[in-house]
2 protein chains.
Amino acid sequence: MNLEQLGSFVEVASLGNFTRAADKLHLAQPSLSRQISALELDLGAELFHRARSGSTLTTAGEALLPLARRMLADAASVRHELAELAGLGRGRVRLGATPTLCISLVAEVLSAFHAAHPAIELHLSEQGSRLLLDELAAGELDLALITTSDAAAAERFTVTPLLVEELVVISSIASPPVTPRATIALDEVAALPQIVFSSTYDLRRTTDAAFRAAGLTPDVVLEGAEMDALLRFVERGLGVAIVPAMVLIDRPGLRSVRLGGPALTRTISLARPADVAPTAAVEVMQHTIAATATAFAARAGTSMRRASIVR
Amino acid sequence: MNLEQLGSFVEVASLGNFTRAADKLHLAQPSLSRQISALELDLGAELFHRARSGSTLTTAGEALLPLARRMLADAASVRHELAELAGLGRGRVRLGATPTLCISLVAEVLSAFHAAHPAIELHLSEQGSRLLLDELAAGELDLALITTSDAAAAERFTVTPLLVEELVVISSIASPPVTPRATIALDEVAALPQIVFSSTYDLRRTTDAAFRAAGLTPDVVLEGAEMDALLRFVERGLGVAIVPAMVLIDRPGLRSVRLGGPALTRTISLARPADVAPTAAVEVMQHTIAATATAFAARAGTSMRRASIVR
DNA sequence: CATATCGATAGCTTATCTGCATCGTAATGA
DNA sequence: TCATTACGATGCAGATAAGCTATCGATATG
């Protein structure tokens, strides 16, 4: 018996459906099935009546449910109490991140952090990597999530690589301009109607450089978009775009193809002031970011991987 | 955070000493150290002040302790409640085992089972494998732990191999008749003063056959001993003996040497009637036996391994 | 009768955990 | 003062378990 199994059990009990519970738990359905059956084997009793009209609790399941809830509640209490003790009852974290990260990784980080420590004040600065580092140096930020092509910052800051992420080509799932395939070459992309980011994006520099290096001129139908707008345009079939794999998470309206040849990647790193000792709240935020990044990498499959040097 | 870590934490907290807690938990000290530090990392707080004069709880540790205890108690309650539900509030298990097994594996099985299900009546029959199978056939036993050299029983019973165990040569740790070494040859053993079991033991048949096959005549100083007596004689330096590796667990007064050449082994199997459906209590006993056997194999190192076919 | 839904199973890969050996440090005794 | 001992931490290798994808079987539903 372990707490994850109990959590899974409670979720299935309240939803009455393995598949949906698995979704909610960010778990594949077979994994959930196995967790429950492991728990059943361990306890020596069936916990659910499996029927197509939903899974309902057996007598044993009903006996387990209240205690399972209490154990999970106790676990949450422990975290809460220790957080209070660590001085996380109040405090502030000022996080900076690039726009691409804000709608994906950062969203999850902040919601997880806020759920765990609701009393901590959160500030977010959405800027390009360059500006973020300036703010960090000026003491206006505690932490910054940046994309490090140039690791020139390593002098003044402690920079920890988190994720290495491929850039992929996205298109509408409704009217893809090309047939589905494993990879697409850069010159093929150049021939497709393309939507590109505003030139303030770090990403824009990377893709521009890649096309220029290949002697290609992309067929840009729309320029200057911010991330969210760009994704909507692509979803509507206005064109394709080159984006980090991460933004695809929870975007079912998009299809993606990996770039063939030398894959374009970006490294997402966490920067913090080298000299200042982090507060308790900031330290916990670092952990949250590291854990969330790992979870993203696991969920995204091969298009993203944990950077070798983690914390 | 998981229940094992919490159990370890509680144990360390009450003993104030990692090494001793590890012993009590049947865990190596490094493993315990890692469990605690994993828990500390997870909770973001040190739980113990490590000092040579003992490890004491930090404020965070003190906050955790009562909740940890409650969660563990809840886990125990769950098992207890479900056991009641499964009809384990009363019942009976009649277990048979060979004498060698009774003082080692069976002792642990029965104490674990009784701790979990105190209301179940336990009967133990200590006999040779042959007689045990007769009792099983006569319906006088529910389960029998036997050593299967001859798998002739497979017809009438369901026989599940549990462990394959080497026979080793033991001697007193105080006055070993030979210098410590990796293995010892059978002819060397024959030359040493030896204590052998009563001829009613299955083991006796195995060792006699091995010596005979090698054309050797062992120097028997004492014959006819029962297991416990034999071990005491060996501890006092009266002679050496050939015993299953299992009996060495928790016998610090003995040193053992593995037999060189073709190692003598015995396979410990669980036999049950093929036709009768087991009661809930008997089924749980089977699980307990399987789990304990696995734990033994893990603890005993290379001289014992789990049989390939395990439930 | 074809299809969709739902949970279980198989095979594989990856992450975690355990144990052994060893280290570093602080208290103890000669 | 220095060797010894006790205790917890760490590096490494092997074993265990947990995850995912793909697929299956069974049961409702159109």
Side-chain angles (χ1 to χ4, degrees), chain A residues 1-9 11-13 15-42 46-56 58 249 290-291 293-306 308 310, chain B residues 1-5 7-9 11-13 15-42 46-56 58 249 290-291 294-306 308 310:
Chain A
M1 183 183 349
N2 66 48
L3 294 170
E4 278 199 7
Q5 289 169 351
L6 294 177
S8 301
F9 163 76
E11 198 59 50
V12 175
L15 291 180
N17 178 304
F18 279 63
T19 308
R20 269 185 282 284
D23 272 353
K24 198 157 175 185
L25 293 163
H26 289 305
L27 212 64
Q29 172 265 317
S31 306
L32 178 61
S33 271
R34 295 183 89 97
Q35 277 202 342
I36 299 293
S37 54
L39 184 60
E40 289 177 326
L41 182 69
D42 178 32
E46 300 264 308
L47 298 172
F48 294 103
H49 295 295
R50 273 87 159 170
R52 15 266 126 238
S53 52
S55 297
T56 56
T58 61
I249 289 179
T294 304
F296 261 62
R299 244 188 286 161
T302 52
S303 61
M304 206 185 300
R305 65 176 192 282
R306 221 161 52 172
S308 43
V310 172
Chain B
M1 183 180 357
N2 66 47
L3 295 169
E4 278 200 6
Q5 288 169 350
S8 301
F9 164 76
E11 198 59 49
V12 175
L15 291 180
N17 178 303
F18 279 62
T19 308
R20 270 185 282 283
D23 273 353
K24 199 158 174 185
L25 293 163
H26 289 306
L27 210 64
Q29 171 265 316
S31 306
L32 177 60
S33 271
R34 297 187 115 97
Q35 277 200 341
I36 299 294
S37 52
L39 184 60
E40 289 177 327
L41 182 68
D42 178 31
E46 300 263 307
L47 298 172
F48 293 103
H49 295 296
R50 272 86 156 172
R52 21 260 123 242
S53 52
S55 297
T56 57
T58 59
I249 289 180
T294 303
F296 260 61
R299 246 188 284 160
T302 52
S303 61
M304 205 185 299
R305 63 175 194 283
R306 222 162 50 172
S308 42
V310 172

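Labels below follow one simple rule: chain letters A, B, ... track the order of the sequence lines, proteins then strands, and each chain is numbered from 1.
Residue B/Ala28 is in sugar-phosphate contact alone, with no base atom involved, counting any heavy-atom pair closer than 4.0 Å across all strands shown. Within the 4.0 angstrom heavy-atom criterion, only backbone atoms of the sugar-phosphate kind lie near B/Leu27; the bases stay farther away. Residue contacts for B/Ser37: at a heavy-atom cut-off of 4.0 Å it reaches no nucleic acid atom on any strand shown. Nucleic acid contact for B/Ser55: sugar-phosphate only, since backbone atoms but no base atoms lie under 4.0 Å from a heavy atom of the residue. Note on A/Gln5: nothing from the nucleic acid sits closer than 4.0 angstrom, heavy atoms only.
Looking only at atom types and distance, the side chain of A/Ser8 has no donor-acceptor partner in the side chain of A/Glu4 under 3.5 Å away.
Contact annotation: A/Gln35 does not reach the phosphate of D/dA17 (side-chain N/O to OP1 or OP2, under 4.0 Å). The side chain of A/Ser33 places an N or O atom within less than 4.0 Å of a non-bridging phosphate oxygen (OP1 or OP2) of C/dA8. Between A/Asn17 and C/dG7, a side-chain N or O to OP1/OP2 separation shorter than 4.0 Å is present. Contact annotation: A/Ser31 does not reach the phosphate of D/dA18 (side-chain N/O to OP1 or OP2, under 4.0 Å). Taking only side-chain nitrogens and oxygens, B/Arg20 comes nearer than 4.0 Å to OP1 or OP2 of D/dC7.
For the pair B/Leu15 CG and D/dG8 C1', the interatomic distance rounds to 15 Å; values are reported in whole Å. B/Met1 places its CE atom 18 Å from the C1' atom of C/dT16, with the value rounded to the nearest Å. Between the C1' atom of C/dG7 and the CG atom of A/Asp23 lies a distance of 14 Å, rounded to the nearest Å. If you take CG of B/Asn2 and P of D/dT16, they are 19 Å apart, rounded to a whole angstrom. A straight line from CG of A/Leu39 to P of D/dA18 spans 12 Å, rounded to a whole angstrom. The nearest whole Å value for the distance from the CD atom in B/Glu46 to the C1' atom in D/dA9 is 12 Å. The separation between B/Phe18 atom CZ and D/dA9 atom C1' is 10 Å, rounded to whole Å. As a whole-Å value, the separation of B/Ile36 CD1 from C/dC17 P is 13 Å.
A side chain to side chain contact (heavy atoms under 4.5 Å, CB included) with A/Leu25 holds for exactly one of A/Gln35, A/Glu11, A/Arg20; it is A/Glu11.
The CZ atom of A/Arg50 sits 9.0 Å away from atom OG1 of A/Thr58, with the distance rounded to the nearest 0.5 Å. Interatomic distance, A/Ser55 OG to A/Phe18 CZ, rounded to the nearest 0.5 Å: 4.5 Å. Here A/Leu41 contributes atom CG and A/Glu46 contributes atom CD; the two are 10.5 Å apart, rounded to the nearest 0.5 Å.
The residue among B/Thr19 and B/Arg34 whose nearest nucleotide of DNA chain D lies closer to the 5′ end is B/Thr19.
Side-chain atoms of B/Gln29 lie closest to D/dA9 of the nucleotides D/dA9, D/dC7, D/dG19.
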